[in-house]
Amino acid sequence: MAFEYLAQYITFDSVADMDKSVEDHMAVHYYDLTESERAIVFKLASHSLEHTGVCHLKASTIATSLEISTKTVYRSMKKLAELGIIEKVPSTKLNGIKGASIYRILPYVPSSVSQRETADEASNDAVCPPQSENQASKSFNLLSSKQANNIMSLGNELAL
């Protein structure tokens with residue numbers, strides 16, 4: 001509950017919406033992004049479950065968890081922002097020292113949808129049935145099985 005201030009920055013109505021946007025961003029920018037940049041997006045998404053689409057992380061924390069340099073994180077964040085995948089919300093602590101930044105995963109907005117993409121999406125819908133509410137979201141794959149089980153059990157309790 002310490003991160004309630006993040007609620008004002010929420011960018012998605014559900015984790016499923018966020019997952020779909022991340023998936024779309026990855027599909028469109030796959031060849032523009034390095035492995036580290038893709039990993040950072042997934043790291044941000046995995047930390048954006050409680051306040052959907054927004055998290056509060058230090059670059060050094062991201063770097064340590066992904067085993068990359070802090071400089072790579074800063075460079076990647078700049079590129080991800082330029083591509084419209086994320087937005088950095090600068091924050092400062094009360095004493096004026098820079099704190100951990102707030103990162104928002106931005107909704108995917110197609111620049112132009114071609115006839116072929118629309119036809120491909122229609123054919124994919126017929127082959128891949130939509131997930132039911134009770135199926136685990138893809139974001140749970142980014143969590144440890146213990147974390148995912150805790151979240152699933154919490155969701156089941158809320159449903160009752």
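Note that the numbering runs from 1 along the sequence shown for the chain.
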Among the clusters formed by ILVMFWY side chains lying less than 4.5 Å apart, do I62 and M26 turn up in the same one?
-> yes
Donor-acceptor pair, side chain of T52 and main chain of S14, under 3.5 angstrom | no
Heavy atoms from other residues, nucleotides or ligands near CD of E67 exceed 12 (cutoff 6.0 Å) = no
Checking H25 side chain against K20 main chain: does a donor-acceptor pair fall under 3.5 Å?
-> no
Smallest separation among heavy atoms of L57 and Y103, with atom names | O-CE1, 3.5 Å
What's the spacing between I10 CD1 and M18 CE if we round to 0.5 Å?
-> 11.0 Å
Do I68 and E35 touch side chain to side chain, with heavy atoms closer than 4.5 Å?
-> no
Return yes if some donor-acceptor pair links the side-chain N/O of R104 with the main-chain N/O of V89 below 3.5 Å, else return no.
-> no
Main-chain N/O of D32 paired to K79 side chain as donor or acceptor, under 3.5 Å | yes
Flag side-chain contact, heavy atom, 4.5 Å: I40 against S76 = yes
Taking atom types as modelled, find out whether T61 and T64 have a side-chain donor-acceptor pair closer than 3.5 angstrom.
-> no
Rounded to the nearest 0.5 Å, what separation is found between the SG atom of C55 and the CD1 atom of I105?
-> 6.5 Å
When every non-hydrogen atom of S21 is compared with those of Y108, the smallest separation belongs to OG-N, 2.6 Å
Establish whether I86 and L106 are linked, either directly or via other cluster members, by ILVMFWY side-chain heavy-atom contacts under 4.5 Å.
-> no
Using the rule that two of Ile, Leu, Val, Met, Phe, Trp, Tyr join whenever any of their side-chain heavy atoms come within less than 4.5 Å, decide whether F12 and V28 are in one cluster.
-> no
Are side-chain heavy atoms of V22 and V41 found at a separation under 4.5 Å?
-> yes
Rounded to the nearest 0.5 Å, the CG atom of L66 sits from the OG atom of S69 at a distance of 11.0 Å
Are L49 and F42 in one and the same hydrophobic cluster, where Ile, Leu, Val, Met, Phe, Trp and Tyr link if side-chain heavy atoms are under 4.5 Å apart?
-> yes
Report yes or no: does T70 contribute a side-chain atom to a donor-acceptor pair with the main-chain N or O of A59 at less than 3.5 Å?
-> no
Output the distance between atom CG (L80) and atom NE2 (H29), rounded to the nearest 0.5 Å.
-> 9.5 Å
Point-to-point distance, once rounded to the nearest 0.5 Å, from OG of S101 to CD of E87 = 11.5 Å
Once you round to the nearest 0.5 Å, how far does NE2 of H56 lie from OH of Y9?
-> 10.5 Å
